[in-house]
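Throughout, a chain's letter reflects where its sequence line sits, starting with A, and its residues are numbered from 1.
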2 protein chains.
Amino acid sequence: MASYETSKLLGQVLSTECPSREILEHLTNKWSVLILRCLNEGVHRFSELKQRIEGISEKMLAQTLKILEQDGFILRTVYPVVPPKVEYQLTITGSQAAEKVMQLINWIERGLPEILEAKPKIE
Amino acid sequence: MASYETSKLLGQVLSTECPSREILEHLTNKWSVLILRCLNEGVHRFSELKQRIEGISEKMLAQTLKILEQDGFILRTVYPVVPPKVEYQLTITGSQAAEKVMQLINWIERGLPEILEAKPKIE
DNA sequence: CGGAATCCAAGATGATACTG
DNA sequence: CAGTATCATCTTGGATTCCG
């Protein structure tokens, strides 16, 4: 009954064909989650993000921001001043995504002792 | 006031030193999220996971399962039969983590049309 | 300041073949 | 069946340099 197109959408993230798979990978990307965490607190400049997210390089920051911008999760605002000033903030959908990501992050940060405790000792 | 050790824990995921950073990366890993999604539905065998998660290789499946097992999120049960039978299931903390991940996945799958709609056309 | 471009090392990933 | 081992590849990531 389901057409090929329909089945691709129903396949969801477990299907390589479904667009949701790519969205999920972008959002759960190593640096994306940390960027979403920062922007969830408010507007940030490029240099601010670089400072707050320990260990990120300019290249990966710029690259990841671009992907999230293309996905419509981040709004990039350029101010025509010298020196340049660029601000990043979450869009509506970006806020919704960040909210879900934050729940995972908060669970980890708050439950860290229990999580580390539950780790099997013998590896 | 805060000692070095304390500040590391307070630094949370934004700090490279905090253990939560690694936990977060393991959980938001490309294949981890899909594995968690499957196991959230119940116990699965190795071959079942391989079939359900389209595009995953045996190597990455085995490797990712091992990481999640070492983190205490997955329980691996080996049955001493021929041919071999191995089952994977979530632990308590694994279920909690999967729950958070599922909220993100469900949001993406359900809101996919709106998400794709919100994507900027000019790139 | 906020990148873009380039180069290169390192690690992640995939396909295949093999084993208990 | 459930992996492991090996090799080839492909992406990631970092350092550097340059520019508006």
List in numerical order all residues of residues 76-87 of chain B for which some heavy atom is under 4.0 Å away from an atom belonging to DNA chain C.
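DNA chain C contact set from residues 76-87 of chain B: B/P84.
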Which residues in residues 38-48 of chain A have a heavy atom closer than 4.0 Å to any atom of DNA chain C?
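Here the set is A/R45, A/F46, A/S47.
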In this structure, are over 12 heavy atoms from other groups packed under 6.0 Å from B/L116 atom CG?
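Correct, the count exceeds 12.
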Decide if atom CD of A/E22 counts as having more than 12 heavy atoms of other residues, nucleotides or ligands within a radius under 6.0 Å.
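For A/E22, atom CD is not crowded (no more than 12 foreign heavy atoms under 6.0 Å).
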Are A/L75 and A/F46 linked, directly or through intermediate hydrophobic residues, by side-chain heavy-atom contacts shorter than 4.5 Å (ILVMFWY only)?
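No: no chain of side-chain contacts under 4.5 Å links A/F46 to A/L75.
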Could you give the distance from OG1 (B/T77) to CD (B/Q89), rounded to the nearest 0.5 Å?
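Between atom OG1 of B/T77 and atom CD of B/Q89 there are 5.0 Å.
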Inter-residue atom distance B/T91.OG1 - B/Q96.CD, 0.5 Å rounding
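Reported to 0.5 Å precision, the distance equals 8.5 Å.
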Checking one residue: A/V81. Which other hydrophobic residues are in its cluster under the side-chain 4.5 Å linking rule?
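Taking Ile, Leu, Val, Met, Phe, Trp and Tyr as members, A/V81 shares its hydrophobic cluster with A/Y79.
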Under 4.0 Å from a heavy atom of chain B: give me the 5'-most and 3'-most nucleotides of DNA chain D that qualify.
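Reading along DNA chain D, I get D/dC1 to D/dC7.
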Tell me the interatomic distance from [X], atom [atom1], to [N], atom [atom2], rounded to whole angstroms.
X     : N      : atom1 : atom2 : answer
B/K50 : C/dT13 : NZ    : P     : 17 Å
A/Q51 : C/dG2  : CD    : C1'   : 14 Å
A/Y88 : C/dC1  : OH    : P     : 15 Å
A/Q63 : C/dG2  : CD    : C1'   : 16 Å

Which atom pair, heavy atoms only, marks the closest approach of B/Y88 to B/L39?
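Heavy-atom minimum between the residues: O-CD2, 3.4 Å.
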Salt bridge between B/R37 and B/E41, side-chain N to carboxylate O under 4.0 Å?
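Answer for the salt bridge query: yes.
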Between B/E69 and A/K119 (salt bridge meaning N to carboxylate O under 4.0 Å), is one present in this structure?
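Judged by the 4.0 Å cut-off on N to carboxylate O distance, B/E69 and A/K119 do not form a salt bridge.
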State, without any angle test, whether B/S20 and B/Q12 hold a side-chain donor-acceptor pair at a distance under 3.5 Å.
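No, no side-chain donor-acceptor contact under 3.5 Å.
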May I have all residue pairs that pass salt bridge (Lys or Arg N to Asp or Glu O under 4.0 Å) and include part of residues 24-34 of chain B, sequence neighbours excluded?
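Listed by first then second residue: B/R21-B/E25.
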Any base atoms under 4.0 Å from B/K66, or only sugar-phosphate, or nothing? Heavy atoms, all strands.
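Result for B/K66 = sugar-phosphate.
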Between the protein and nucleotides 14-17 of chain C, list every N/O to N/O distance that falls short of 3.5 Å.
from	atom 1	to	atom 2	distance (Å)
C/dG14	O6	B/K59	NZ	2.6

Is a side-chain N or O of B/T28 found less than 3.5 angstrom from the main chain of A/V33, in a donor-acceptor match?
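Not at all, since once roles are kept as given, no pair shorter than 3.5 Å links the two residues.
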Would you find a donor on one side and an acceptor on the other, under 3.5 Å apart, between the side chain of A/S32 and the backbone of A/H26?
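A pair under 3.5 Å: yes.
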